Amino acid sequence: MSDIADEGARNHGLLNVSITDYFNTKHRFPSMAEQKVIAKMLNAITEREKEAIVLGECYRKQKQFLLRQMFI
């Protein structure tokens, strides 16, 4: 991308690529087997995140309960 991108002085970080240049670039896509491995990993991460959210909610409820018990 750096070979075909133009960057202006005022829009640092924005890449200006012409349509012709973009469509002349080559894009690599992982094989189907590699895509399946990536999807499996992302799904596992998503599940762990969901479990962490549920656990965090349980800890929050437990904290509320224990604080109420302290100040009865």
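Because the structure is predicted, anything quoted here is derived from the model rather than measured.
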Hits for salt bridge (charged side-chain N to carboxylate O under 4.0 Å, His left out) against E57, two or more places apart or cross-chain, chain-then-number order -> R60
Can you name the salt bridge (charged side-chain N to carboxylate O under 4.0 Å, His left out) partners of K50, sequence neighbours left out?
-> E47
Check the surroundings of atom CG in L55: do more than 12 heavy atoms from other residues, nucleotides or ligands lie under 6.0 Å from it?
-> yes
Candidates Q64, K63, Q69 - the one meeting side chain to side chain contact (heavy atoms under 4.5 Å, CB included) with L67 = K63
Quick one: are Y59 and K61 in side-chain contact, heavy atoms under 4.5 Å?
-> no
Measuring from I38:CD1 to M41:CE, what's the distance to the nearest 0.5 Å?
-> 7.5 Å
What residue pairs, at least two apart or across chains, pass salt bridge (charged side-chain N to carboxylate O under 4.0 Å, His left out) with a residue in residues 31-45?
-> R28-E34
